[in-house]
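Proteins come first, then strands; the chains are lettered A, B, ... in the order of their sequence lines, and each starts at number 1.
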Amino acid sequence: MRPRFTALKGVADVLPPETSLWRKIENAAAGVMGAYGYDEIIPPVIEQTGLFLRSIGDSSDIVAKEMYTFTDKGGRSVSLRPEGTASIVRAYVEHNLPVRPAPQKFFYFGPMFRYERPQKGRQRQFYQLGAECFGIADPGVDAEMITMLLTLLDRIGLKGLSLELNSIGCKECRPAFKERLKGFFGPHLNELCPDCQRRHEQNPLRILDCKVERCIEIRKNAPLISETLCQDCKDHFSGLLGYLDAMGAAYVLNPHMVRGLDYYTRTVFEVKGGAGLGAQNAVAAGGRYDLLVSEFGGPDTPAIGFAMGMERLAGLLQGEAAVPGPVLFIASMGKEAAVEALRMAARLRDGGTRVELGWGGSLKSQLRRADKINAGNVVIIGEEELMSGRFKWKDMRDGSSGEGGREDIFKQFSQAK
RNA sequence: GUGGGCGUAGCUCAAUUGGCAGAGCACUGGACUGUGGCUCCGGGGGUUGUGGGUUCAAGCCCCAUCGCCCACCCCA
């Protein structure tokens with residue numbers, strides 16, 4: 001058998017039992033975020049292309065070469081969302097949510113699309129679980145959100161993660177830093193790798209992120225953003241660190257961390273996973289974006305958010321996918337018995353019990369199947385049982401057995417275990 | 001977009017100098033007429049990713065193409 005159709009490159013089916021792991025993550029996340037006052041928002045996955053050009057920045061790779069963009073039948077340029085924040089901000093402004101009391105807090109979950117070459121931890125369609133908080137500039141909100149994220153990851157069961165922090169300044173102080181960087185790297189331009197030579201023009205901050213050894217060597221004495229921050233940004237960052245210290249949150253300052261999206265200001269952070277993730281090891285990342293709401297036509301509104309990559313989270317929990325709980329299996333022999341089995345199953349299922357039916361074959365083969373699917377118990381319905389109204393059951397784990405009437409069976413197995 | 005690795009059954013892999021495409025696991029049926037697991041026996045499953053070339057003969061050699069994986073770029 002050869003499949004006539006296969007999934008597109010870079011997209012993947014999530015199958016059981018992994019789906020149950022996803023569900024677990026979603027539920028845990030919704031629980032924690034709910035406690036922090038976040039409510040779910042469900043934006044569309046498709047938007048005007050211009051929305052992403054304005055927010056992410058048209059020079060970023062995401063916009064420049066990774067968007068699924070096409071013209072719809074009305075001649076409009078539309079794009080599948082490559083990230084979530086832009087849509088949330090659009091909705092926040094469009095529905096005039098700034099008039100609601102600050103802070104307004106939302107979380108979302110869904111697929112994102114980027115036309116990239118797939119590799120470990122990276123797909124063209126991938127799922128993000130994210131949160132956004134609008135309306136408060138105080139660094140305490142940054143700390144609160146980061147704390148929530150760490151709590152969430154812990155609740156999901158992830159260990160060995162590290163939180164990295166940086167401040168990339170604001171409209172006032174970042175341009176100056178960029179100039180200082182350009183000035184510093186200028187004399188070394190021909191020693192830098194080809195990528196960094198390009199970065200020197202397009203986005204000098206990225207040179208700080210390069211993995212090439214020579215570039216790492218050269219940048220050792222490069223100016224630090226922390227020295228160049230304006231007073232307000234410095235205060236904000238030290239305020240954040242103070243709150244985090246008070247909360248006992250562990251973090252690593254990474255003065256070289258840059259984020260890929262243009263809209264970030266001040267606080268940026270990233271949570272990196274341990275082994276097993278490959279080169280793409282950030283499981284969550286985010287930052288403050290104090291200018292984006294006004295950029296979208298809303299009032300000046302400070303905001304901060306983050307997103308987690310579902311596939312990467314699930315990847316770290318591999319092997320912990322829960323197998324379905326014990327089920328009750330009803331074996332039946334003959335048509336009348338099958339009818340009885342269906343009736344009994346319907347009633348038990350109403351009670352929440354997971355029931356599988358045998359559907360013919362010898363009793364032996366039905367039992368074999370019950371064993372294969374890890375059934376906890378089997379109820380047997382044949383001629384004898386139909387005549388007597390008493391049904392035999394067998395515990396598949398210890399081999400014990402018994403019998404009883406319909407009500408006995410119902411009582412014994414109707415509670416989901 | 002760039003670089004490297006790999007494509008044989010659902011999965012993991014064999015197949016000698018080019019010579020009948022196989023095994024284990026999984027699935028399925030039976031041995032055991034209504035009682036699973038263990039054992040034994042049987043069965044279904046393949047255009048060897050695809051297309052071309054060389055050859056009496058190609059899973060194997062050559063060319064092309066597609067797909068998957070990993071890394072770069074970039075990013076969750």
Side-chain angles (χ1 to χ4, degrees), chain A residues 1-3 6-12 56 59-67 81-85 109-130 149 153 193-196 198-199 202-203 206 209-212 257-261 269-273 277-287 305-316 329 331-334 337 358 361-386 391-401 403:
Chain A
M1 179 198 78
R2 242 177 28 255
T6 57
L8 294 171
K9 182 198 277 282
V11 309
I56 300 168
S59 67
S60 77
D61 272 31
I62 292 178
V63 164
K65 45 187 208 194
E66 296 176 0
M67 283 221 291
R81 62 179 181 191
E83 61 106 36
T85 300
F109 173 75
M112 308 295 161
F113 304 85
R114 293 180 199 170
Y115 193 86
E116 303 179 271
R117 199 70 170 259
Q119 72 181 80
K120 194 175 184 65
R122 171 191 294 161
Q123 295 170 249
R124 289 181 173 179
Q125 176 177 340
F126 60 102
Y127 287 76
Q128 284 189 340
L129 211 163
L149 173 58
L153 293 168
C193 71
D195 281 325
C196 281
R198 177 175 52 78
R199 289 171 180 134
Q202 293 177 353
N203 190 354
R206 289 221 162 276
D209 228 10
C210 185
K211 293 168 189 165
V212 175
M257 181 169 55
V258 184
R259 311 264 53 249
L261 290 64
F269 54 94
E270 198 166 288
V271 178
K272 289 184 175 166
L277 276 182
Q280 311 302 323
N281 66 347
V283 296
F306 69 80
M308 301 183 282
M310 273 303 273
E311 288 85 355
R312 293 182 187 177
L313 292 178
L316 284 178
F329 189 98
S332 63
M333 267 96 34
S362 67
L363 179 61
K364 178 185 286 293
S365 70
Q366 292 189 57
L367 278 169
R368 197 140 47 193
R369 209 143 55 76
D371 183 56
K372 292 262 168 59
I373 64 174
N374 283 317
N377 290 276
V378 175
V379 172
I380 296 163
I381 306 179
E383 268 177 55
E384 287 174 28
E385 286 78 6
L386 288 174
F391 302 88
K392 297 196 174 114
W393 56 264
K394 179 170 184 177
D395 186 315
M396 297 296 276
R397 286 159 295 201
D398 61 18
S400 65
S401 60
E403 64 171 71

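- As rounded to the nearest Å, B/rG42 and B/rA23 have P atoms that lie 11 Å from one another.
- Only the C1' atoms considered, B/rC20 is 32 Å distant from B/rA31, to the nearest whole Å.
- The shortest distance between the side-chain N/O atoms of A/Gln128 and the OP1/OP2 oxygens of B/rA76 is not below 4.0 Å.
- The gap from the C1' atom of B/rC41 to that of B/rG46 amounts to 24 Å, rounded to the nearest Å.
- Here the side chain of A/Lys9 is nearest to one of B/rA76, B/rC68, B/rC73, namely B/rC68.
- Going from atom CG of A/Asp61 over to atom P of B/rG1 covers 14 Å, rounded to whole Å.
- A donor-acceptor contact under 3.5 Å is formed by the side chain of A/Glu385 with the base of B/rG34.
- At a threshold of 4.0 Å, the pair A/Arg368-A/Asp371 does not count as salt-bridged, since none of the basic side-chain nitrogens sits closer than that to a carboxylate oxygen.
- Taken to the nearest 0.5 Å, the CD atom of A/Glu83 stands 10.0 Å off from the CE atom of A/Met67.
- The listed nucleotides are B/rC70, B/rC69, B/rG29; the one nearest the side chain of A/Ser365 is B/rG29.
- With hydrogens and angles ignored, a donor-acceptor pair under 3.5 angstrom links the side chain of A/Gln119 to the base of B/rC73.
- One finds no side-chain N or O of A/Lys394 lying less than 4.0 angstrom from the OP1 or OP2 phosphate oxygen of B/rU35.
- Annotation: B/rG10 and B/rU28 have their C1' atoms spaced 13 Å apart (nearest Å).
- Side-chain nitrogen and oxygen atoms of A/Lys65 include none within less than 4.0 Å of the OP1 or OP2 phosphate oxygen of B/rC74.
- Under the 3.5 Å distance criterion, the side-chain polar atoms of A/Arg124 are matched with a main-chain donor or acceptor of A/Glu116.
- Listed pair A/Lys364 / B/rG29 fails the phosphate criterion, with no side-chain N or O lying under 4.0 Å from OP1 or OP2.
- The side chain of A/Leu367 sits closest to B/rG36 out of B/rA76, B/rG36, B/rC74.
- Ranking B/rC72, B/rC73, B/rU35 by closeness to the A/Arg198 side chain, first place goes to B/rC73.
- Rounded to a whole angstrom, the distance from the P atom of B/rU16 to that of B/rC70 is 30 Å.
- Taking the P atoms as reference points, B/rA14 lies 15 Å from B/rC61, given to the whole Å.
- An OP1 or OP2 oxygen of B/rC74 is reached within less than 4.0 angstrom by no side-chain nitrogen or oxygen of A/Gln280.
- Here, B/rC69 and B/rG53 have their C1' atoms 29 Å apart, quoted to the whole Å.
- Contact check, A/Arg117 against B/rG1: no side-chain N or O comes under 4.0 Å of OP1 or OP2.
- When the P atom of B/rG30 is taken as reference, atom CZ of A/Arg368 falls 7 Å away, rounded to whole Å.
- The side chain of A/Lys372 places an N or O atom within less than 4.0 Å of a non-bridging phosphate oxygen (OP1 or OP2) of B/rU28.
- A/Gln366 contributes a side-chain N or O that, together with a main-chain N or O of A/Ser332, makes up a donor-acceptor pair within less than 3.5 Å.
- Phosphate proximity of B/rA76 to A/Gln123: absent, as no side-chain N or O sits under 4.0 Å from OP1 or OP2.
- Remark: A/Arg259 engages A/Glu270 in a salt bridge, criterion side-chain N to carboxylate O under 4.0 Å.
- Between B/rC73 and A/Arg199, a contact under 4.0 Å exists linking OP1 or OP2 to a side-chain N or O.
- Judged by distance alone, with hydrogens and angles left aside, A/Asp371 brings no side-chain donor or acceptor close enough to the base of B/rG37 to form a pair under 3.5 Å.
- Atom CG in A/Asn377 sits about 15 Å away from atom C1' in B/rG37, given to the nearest Å.
- Using a 4.0 Å heavy-atom cutoff across all strands shown, A/Leu313 reaches no nucleic acid atom at all.
- Contacts of A/Thr6 with the nucleic acid, taken as non-hydrogen atoms under 4.0 Å apart, are absent.
- B/rC38 and B/rA26 have their P atoms separated by 8 Å, with the value rounded to a whole Å.
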